[in-house]
Enquirer: 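Encoded as structure tokens, here's the structure I'll be asking about.
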Protein chains: 2
Amino acid sequence: MKRENNAHCKNVNCTQKGGNEVCLCPVGNVINVVSKKWALLIIATIGNNEKIRYTKIMKNLADISPKTLADRLKELENFGLIERETFDEIPPRVEYSLTQDGIELRDSMIPLMEWASKKKK
Amino acid sequence: MKRENNAHCKNVNCTQKGGNEVCLCPVGNVINVVSKKWALLIIATIGNNEKIRYTKIMKNLADISPKTLADRLKELENFGLIERETFDEIPPRVEYSLTQDGIELRDSMIPLMEWASKKKK
DNA sequence: CCGAATCCGTAAAGATACTG
DNA sequence: CAGTATCTTTACGGATTCGG
């Protein structure tokens, strides 16, 4: 059976049915960045602070390892979701903040976080 | 400085500031299930179909491996987000559907999926 | 045939110690 | 302070196999 017309997706190989569903074909890239472990929580943490330093993110996300945090910050920056500002001071200071895209992402994940929040325990 | 009152969180160790932010303290568990690779896409796929079989999920998520799908389905079932119904037929038939919690999750992630959808190239 | 389970190699995440 | 380096552990992917 050839698939029905789908308002959400122009991909001819899309196997989703038409209707009011959310088509998943175009979601791949972003989701793969965003669904890595800690990624959403990092975005949310930065979003809660406007500007925030590496050590403070570490404290807020108590169980993250420094390596994972550094890796994730680099990815999120490369992806244009966060911004990294360095200051030539001793001791060094680096501040992270959300870009416009990051803010949009943060806003769009608030319902998810609230669901998770009330779901826990 | 002791932290300010935070309407979202009763955890005394919460390091978030007060205000209109989303507190992350209670989010841990669920997020760790949900932010595993493919988890959100599986939820979304099942949510798009009410009932759906293993093989059809495989087709919809073209690049997932059978092992990863089986692993994720088990986790999501254990977590009470999806339901697994087996039929004693040959060839065997297994249908997956969202639980009430799964439906809530699905609803709460729609904005995120839509953001991802319009963000992608 | 369908829905996995198994085995195995690679990639990602965690723990800890350490440095510019 | 803001990360690296290094090592161990866990997660993921790919092919094959298998019971019903």
Enquirer: Bend angle of the helix from dC1(C)-dG20(D) to dG20(C)-dC1(D) from five-pair axes at both ends, rounded to 10°?
Expert: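 Between the axes fitted at each end of the helix from dC1(C)-dG20(D) to dG20(C)-dC1(D) lies an angle of 40°.
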Enquirer: Roughly, in whole Å, what's the span from NZ in K59(A) to C1' in dA2(D)?
Expert: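 In whole Å, dA2(D) C1' and K59(A) NZ are 12 Å from each other.
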Enquirer: Can you check the M58(B) CE to dA4(C) P distance for me, whole Å?
Expert: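 Nearest whole value for this atom pair: 11 Å.
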Enquirer: For dG14(C), take OP1 and OP2 only and decide whether either is under 4.0 Å from a side-chain N or O of T68(A).
Expert: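 Answer yes for this pair, as a side-chain N or O of T68(A) is under 4.0 Å from OP1 or OP2.
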Enquirer: Checking contacts here: which listed nucleotide (dC12(D), dA15(D), dA13(C)) is nearest the side-chain heavy atoms of R72(B)?
Expert: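 Out of dC12(D), dA15(D), dA13(C), the nucleotide with an atom closest to R72(B)'s side chain is dC12(D).
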Enquirer: Can you measure K37(A) atom NZ to dA11(C) atom C1' for me and round it to whole angstrom units?
Expert: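 From K37(A) NZ to dA11(C) C1': 15 Å.
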Enquirer: Of the listed nucleotides (dA13(C), dG13(D), dA2(D)), which one gets closest to any side-chain atom of K67(A)?
Expert: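 When the side chain of K67(A) is considered, dA13(C) is the closest of dA13(C), dG13(D), dA2(D).
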Enquirer: Counting only side-chain nitrogens and oxygens, does W38(A) get under 4.0 Å of the OP1 or OP2 atom of dG14(C)?
Expert: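 Answer yes for this pair, as a side-chain N or O of W38(A) is under 4.0 Å from OP1 or OP2.
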Enquirer: For dA2(D), does either OP1 or OP2 sit under 4.0 Å from a side-chain N or O belonging to R53(A)?
Expert: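 Yes, such a contact exists.
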Enquirer: Quick one: D71(A) CG to dA11(C) P, roughly how many Å, whole number?
Expert: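 D71(A) atom CG is separated from dA11(C) atom P by 15 Å.
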Enquirer: At what distance, to the nearest 0.5 angstrom, does CD of E104(A) lie from CG of L81(A)?
Expert: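 CG of L81(A) is found 10.0 Å from CD of E104(A).
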Enquirer: Strictly below 4.0 Å: does Y96(A) bring a side-chain N or O up to OP1 or OP2 of dC1(D)?
Expert: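 No, Y96(A) has no side-chain N/O under 4.0 Å of OP1/OP2 on dC1(D).
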Enquirer: If you look only at distance, which donor and acceptor atoms sit under 3.5 Å apart when one is on a side chain in residues 73-80 of chain B and the other is two or more places apart or in another chain?
Expert:
from	atom 1	to	atom 2	distance (Å)
E75(B)	OE1	R72(B)	NE	3.3
E75(B)	OE2	K36(B)	NZ	3.2
E75(B)	OE2	R72(B)	NH2	3.2
N78(B)	ND2	K74(B)	O	3.4

Enquirer: Where along residues 74-93 of chain A does a heavy atom fall under 4.0 Å from DNA chain D?
Expert: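 Under 4.0 Å from DNA chain D: K74(A), R84(A), P91(A), P92(A), R93(A).
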Enquirer: Is a side-chain N or O of Y54(A) found less than 3.5 angstrom from the main chain of P66(A), in a donor-acceptor match?
Expert: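 Yes, because the side chain of Y54(A) sits within donor-acceptor range (under 3.5 Å) of the backbone of P66(A).
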Enquirer: Can you measure I52(B) atom CD1 to dC2(C) atom P for me and round it to whole angstrom units?
Expert: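 Result: 14 Å.
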Enquirer: Report the C-alpha distance between D107(B) and I103(B) in whole Å, list the side-chain angles of each, state the deciding distance to 0.1 Å, and finish with yes or no for side-chain contact (heavy atoms from CB on, under 4.5 Å).
Expert: CA-CA 6 Å; D107(B) 290 346; I103(B) 292 172; 3.9 Å; yes
Enquirer: When the distance from CG of L73(B) to C1' of dC12(D) is rounded to whole Å, what number comes out?
Expert: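 Taking atom C1' of dC12(D) as the reference, CG of L73(B) is at 15 Å.
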Enquirer: Ignoring backbone atoms, establish whether S65(B) has a side-chain N or O less than 4.0 Å from OP1 or OP2 of dG14(D).
Expert: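 No, no such contact exists.
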Enquirer: Find the distance K36(B):NZ to dG14(C):P and express it as a whole number of Å.
Expert: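 Spelled out: NZ on K36(B) to P on dG14(C) is 11 Å.
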Enquirer: Is the number of heavy atoms from other residues, nucleotides or ligands within 6.0 Å of CD (E50(B)) greater than 12?
Expert: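 Open.
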